[in-house]
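A short write-up of the structure that comes next.
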Amino acid sequence: MQKILNKKEILASSSGWVATFLNLFPGFGSGYIYQRRWIPYIATIGSATIWIGLGIFMQNNSEPTEKERLIGLSGLTLISIITGIESYLAHKKACKLIE
C-alpha cells in the first residue's frame with residue numbers, strides 16, 4: 001500500500017539548493033514549481049507582473065532611460081534573491097520538522 005506524502009514531507013524530500021538555484025537564475029519562482037508550492041509561486045509571478053507593469057506605466061510611452069532599465073532589472077533581481085532565500089529556508093524548516 002502506498003503512503004500519501006503530506007506537504008512538509010514533499011518539501012523536505014526536495015533539494016534545497018536546487019530550489020534556490022531555480023529561483024535565482026531562471027527566476028520567476030521556478031524553484032517553487034520544483035517544490036510544489038503553488039501559493040508562493042503565484043505570489044512571485046504576481047509581484048514580478050506588478051513590477052513590470054509599473055515600469056511600463058511609469059515610462060509614459062517613451063524609451064526608458066538607462067537608469068530606469070537598471071531600476072527595473074534590480075527589482076526583478078531582488079525578487080529572485082528573496083524567493084531563493086525563502087525557498088531554501090522553507091526546505092530547512094521542513095527537514096527539521098520531519099526529523
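Only this structure's heavy atoms are used, side chains among them; waters, hydrogens and symmetry mates stay out.
At least one donor-acceptor pair under 3.5 Å links the side chain of Asn6 to the backbone N or O of Lys8. The main-chain N or O of Ala19 is never found under 3.5 Å from a side-chain atom of Gln35 such that the two would form a donor-acceptor pair.
The heavy-atom pair separating Arg37 from Ala90 by the smallest distance is NH1-CB, 3.4 Å. Ser80 and Asn23 make their closest contact through CB-O, 3.5 Å (heavy atoms, listed as atom of the first residue, atom of the second, distance).
Tyr34 has its side chain within reach of Ser15: a pair of non-hydrogen atoms, C-beta onward, lies under 4.5 Å apart.
The structure places CD of Glu68 at 9.5 Å from CD of Glu63, a figure rounded to the nearest 0.5 Å. A distance of 7.5 Å separates OG in Ser87 from CG in Leu24, rounded to the nearest 0.5 Å. Separation of atoms CD (Glu86) and OG1 (Thr20) is listed at 9.5 Å; rounding is to 0.5 Å. Note that CH2 of Trp51 is 6.5 Å distant from CG of Leu54, once rounded to the nearest 0.5 Å. Summarising the geometry, atom CD1 belonging to Ile45 is positioned 7.5 Å from atom OG belonging to Ser30; distances are rounded to the nearest 0.5 Å. Rounding to the nearest 0.5 Å places CZ of Phe28 at 10.0 Å from OG1 of Thr83.
With sequence neighbours left out, the side chain to side chain contact (heavy atoms under 4.5 Å, CB included) criterion links Ile10 to Leu5, Arg36. For Thr49, there are no side chain to side chain donor-acceptor pair (under 3.5 Å) partners two or more places apart in sequence or in a different chain.
Using a 4.5 Å cut-off between side-chain heavy atoms of Ile, Leu, Val, Met, Phe, Trp and Tyr, with links allowed through other members, Leu76 and Ile71 fall into the same hydrophobic cluster. Hydrophobic clustering (ILVMFWY, side-chain heavy atoms < 4.5 Å, transitive): Ile79 and Phe21 are in distinct clusters. Taken together through direct or relayed side-chain contacts under 4.5 Å among Ile, Leu, Val, Met, Phe, Trp and Tyr, Tyr88 and Val18 form parts of separate hydrophobic clusters. Grouping the Ile, Leu, Val, Met, Phe, Trp and Tyr side chains by contacts below 4.5 angstrom, directly or via other members, places Ile81 with Phe25.
Below 30°, between 30° and 60°, or above 60°: for Tyr41 and Trp38 the angle between ring planes is above 60°, a perpendicular geometry.
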